[in-house]
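Take a look at the structure below.
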Amino acid sequence: MATQETPIRPSGLASRLVRDRLIPEAQVQAAFGEALKRRQPFVQYLVEQKILDGRRIAVAAAEEFGVPLLDLNALDLTELPLALVDEKLIRKHRTLPVFRRGNRLFLALSDPTNHQALDEVRFNTGLATEAVLVEEEKLATAIDKALDAQGGGTLTDIGDADLEKIDVASDDDDKRDDGDLNVDEAPIVRYVNKVLVDAISASASDIHFEPYEKYFRVRFRQDGLLREVASPPVAIASRLVARLKVMSRMNIAERRVPQDGRIKLKLSKNRDIDFRVNTLPTLYGEKVVLRILDSGNALVGVEQLGFEPEQKEAFLWAIQKPYGMILVTGPTGSGKTVSLYTALDILNKPEVNISTVEDPVEIQVPGINQVNMNPKTGLTFAAALRSFLRQDPDIVMVGEIRDLETAEIAVKAAQTGHLVLSTLHTNDAPQTLTRLANMGVPAFNIASSVNLIMAQRLARKLCPYCKQPEEIPRQALVEEGFTDEDLAGGITVFRPVGCDRCTNGYRGRIGIFQVMRVSDEMGRLIMEGGNSIQLGDQARREGVADLRQSGLRKVRAGITSLEEINRVTKD
């Protein structure tokens with residue numbers, strides 16, 4: 001195997017930990033290799049896996065490299081020179097600017113060998129950078145607290161009195177009818193604002209307000225699953241719904257038809273959150289669902305998406321091509337928009353003209369011309385795409401290809417020197433090609449325009465603080481899809497447990513991908529009218545891992561559980 005032929009060479013810090021007998025050499029080798037596989041900093045991996053505590057690592061590193069050791073607890077986080085360094089860089093490199101002296105900026109790091117962090121901050125600030133050693137656990141906490149404080153305080157600092165003062169703004173100036181419901185009374189305002197703030201604090205993606213005959217419940221969608229968080233009295237259900245409709249500039253007197261709206265919640269001077277709101281008449285009242293659109297947390301780097309190395313290489317190859325089409329497929333809530341915007345963020349340069357049309361725009365990015373689809377005024381995907389092509393575009397992103405007209409214009413654009421990115425709703429990558437053919441797009445146009453198709457799902461990540469190994473018989477693992485090669489060196493499968501830092505043993509989500517380049521052989525199959533089964537067989541011959549195989553790799557790496565992969569990929 002490749003990993004046996006090429007020995008892993010740990011950094012100087014790892015060698016020091018071995019020399020100080022803090023960790024055996026074999027364990028360092030295994031940990032270093034596992035951290036590389038996960039694309040995770042070595043020190044962060046050691047601390048999260050509880051192999052070694054951050055204090056002992058910091059002391060050893062300070063002695064090895066002669067870098068001063070600093071206790072972050074002694075600093076006033078509100079006084080840090082955070083304005084000098086972009087928040088993206090702080091989170092990307094897990095570093096924190098602690099003080100400045102003249103033209104020198106001192107950066108808190110848990111690993112002094114992280115020269116990339118020092119170099120990038122030096123390049124972006126124009127200041128000389130020097131490392132100061134800190135403990136990994138304290139650094140992670142300090143980064144979150146410092147950035148929250150910069151934004152005007154953490155959400156947990158918002159008290160009952162402040163809940164009434166949260167500012168609600170709207171871009172929609174349509175008139176509304178408040179009817180005869182007293183929706184602005186203080187308890188209702190406080191309650192609704194508290195639910196919204198709690199959802200943001202819990203990193204929820206959606207909020208559901210659901211009326212039933214004898215009760216009313218509120219649920220959050222966290223890491224892809226719904227969880228009940230409150231059950232207010234059914235007597236106030238109509239007032240809660242009316243308050244949400246007032247906030248989103250809907251007509252509260254109209255309860256017979258669905259309505260769409262938008263809320264902008266201004267939490268502090270520097271932070272506001274958008275909510276996309278939809279109402280639906282049900283048997284016992286209107287159900288209201290809010291989608292939380294937090295642009296600040298939606299953009300992630302390509303390293304954080306969850307690609308395997310060969311998948312990342314194919315993705316970057318496709319987005320660097322000057323023309324052609326990239327299609328991302330998967331169910332609602334599978335992270336398609338985040339993947340597309342990760343590509344656009346890489347491509348977003350002053351010399352490039354990028355235009356997008358979506359329903360609606362969920363992630364707002366400076367430098368990209370973004371358009372909200374509006375069928376009422378005739379602004380459909382197809383109409384916007386036609387207009388884009390008259391505005392000298394280089395890159396075009398269409399929120400979704402839903403019909404033949406949009407598909408034909410997108411294909412034409414991809415064939416005439418434009419890079420086109422879009423989404424479809426299919427189960428896997430090969431089915432996307434046959435879906436386009438079923439729409440009515442000629443086979444030769446599909447073969448000549450589509451460069452790459454990416455199917456994806458989101459799986460919950462195991463909490464690194466409480467996950468535990470699980471004993472599973474070898475035969476059971478084989479039946480789940482692991483190969484003899486996978487099992488040759490032995491693997492450890494982990495299960496969720498649950499602690500105060502996670503939700504039922506899981507914390508956050510990661511992407512599982514099937515990244516398929518459209519090769520010449522696939523193009524020939526398409527031209528011959530091949531079906532999705534034949535295209536899937538060809539993809540396997542070309543070494544393309546399907547969603548199930550990609551998921552099992554995440555299980556082998558200890559990132560998620562077999563139970564979770566079965567939930568999102570089992571046929």
Side-chain angles (χ1 to χ4, degrees), residues 77-78 82 87-88 90-91 137-169 187-210 217-232 240 243-244 247-248 262-277 288-300 304 333 335 338 362-363 458 460-461 463-466 498-510:
L77 298 180
T78 62
L82 295 176
E87 181 179 340
K88 276 189 185 178
I90 291 174
R91 293 198 183 277
E137 301 102 315
K138 291 182 180 179
L139 178 60
T141 304
I143 287 173
D144 288 336
K145 285 185 177 178
L147 292 175
D148 278 338
Q150 184 190 35
T154 62
L155 296 178
T156 53
D157 293 334
I158 297 176
D160 283 347
D162 300 317
L163 287 169
E164 290 178 55
K165 301 173 186 175
I166 292 176
D167 189 24
V168 178
I188 297 294
V189 171
R190 276 202 308 273
Y191 187 86
V192 170
N193 287 351
K194 178 167 174 40
V195 171
L196 302 188
V197 169
D198 286 348
I200 298 165
S201 300
S203 300
S205 61
D206 302 86
I207 312 170
H208 292 240
F209 292 84
E210 301 171 311
R217 71 177 176 184
V218 181
R219 292 193 290 174
F220 292 168
R221 187 176 292 280
Q222 292 175 271
D223 295 334
L225 297 181
L226 284 167
R227 178 174 67 91
E228 185 170 336
V229 294
S231 182
L240 290 178
R243 172 61 188 166
L244 290 164
M247 292 170 73
S248 50
R262 201 174 180 102
I263 298 172
K264 183 185 286 291
L265 203 66
K266 196 162 185 63
L267 295 172
S268 67
K269 183 179 178 182
N270 300 312
R271 188 181 184 194
D272 49 55
I273 306 288
D274 284 338
F275 297 82
R276 187 177 72 203
V277 187
V288 185
V289 176
L290 289 79
R291 165 64 57 90
I292 302 174
L293 311 176
D294 187 356
S295 298
N297 293 331
L299 277 177
V300 298
Q304 281 75 50
V338 171
E362 295 190 13
I363 303 171
L458 286 177
R460 293 177 295 169
K461 293 195 293 184
C463 173
Y465 299 100
C466 65
C499 66
D500 57 359
R501 302 190 193 188
C502 65
T503 304
N504 299 325
Y506 296 97
R507 183 178 177 182
R509 289 190 290 177
I510 194 165

_Beyond-backbone contact of H208 with V218, side-chain heavy atoms, under 4.5 angstrom_ = no

*For the residue pair L458 and G333, what are the closest heavy atoms and their distance?*
CD1-O, 3.6 Å

_One pair to check against salt bridge (charged side-chain N to carboxylate O under 4.0 Å, His left out): D223 and R460. What are the steps and the verdict?_
CA-CA 6 Å; D223 295 334; R460 293 177 295 169; over 6 Å; no

*Which residue, L293, V277, L290, forms the side chain to side chain contact (heavy atoms under 4.5 Å, CB included) with R262?*
L293

*Atom NZ in K461, atom CD1 in I510: separation rounded to 0.5 Å?*
5.5 Å

*CZ of F275 to CG of L196: how many Å apart, nearest 0.5 Å?*
4.5 Å

*Below 4.5 Å, heavy atoms only, C-beta onward: do P232 and Y191 meet side chain to side chain?*
yes

*Do F209 and V289 touch side chain to side chain, with heavy atoms closer than 4.5 Å?*
no

*pair V192-M247: side-chain heavy atoms closer than 4.5 Å*: yes

*So, are R217 and E210 salt-bridged, with charged N and O less than 4.0 Å apart?*
yes

*Could you tell me whether N504 atom CG has more than 12 heavy atoms of other residues or ligands within 6.0 Å of it?*
no

_CG on N193 to CZ on R243, rounded to 0.5 Å_ = 6.0 Å

_Derivation and outcome, side-chain contact (heavy atoms from CB on, under 4.5 Å), residues V229 and R227_ = CA-CA 6 Å; V229 294; R227 178 174 67 91; 3.8 Å; yes

*Could you pull out the closest heavy-atom pair between G498 and C466, with the gap in Å?*
N-SG, 3.3 Å

*asked:* So, taking the atom named CD1 in I207 and the one named CZ in R221, what distance separates them when rounded to the nearest 0.5 Å?
replied: 12.5 Å

*Report yes if the side chains of S205 and I292 come closer than 4.5 Å at any heavy-atom pair, otherwise no.*
no

*How long is the span from the CG atom in L225 to the OG1 atom in T503, to the nearest 0.5 Å?*
10.0 Å

*Of all heavy-atom pairs between F220 and A202, which one has the smallest distance, and what is that distance?*
CD1-CB, 4.5 Å

*Hey, what do you get for CG (D274) to CG (L265), rounding to the nearest 0.5 Å?*
9.5 Å

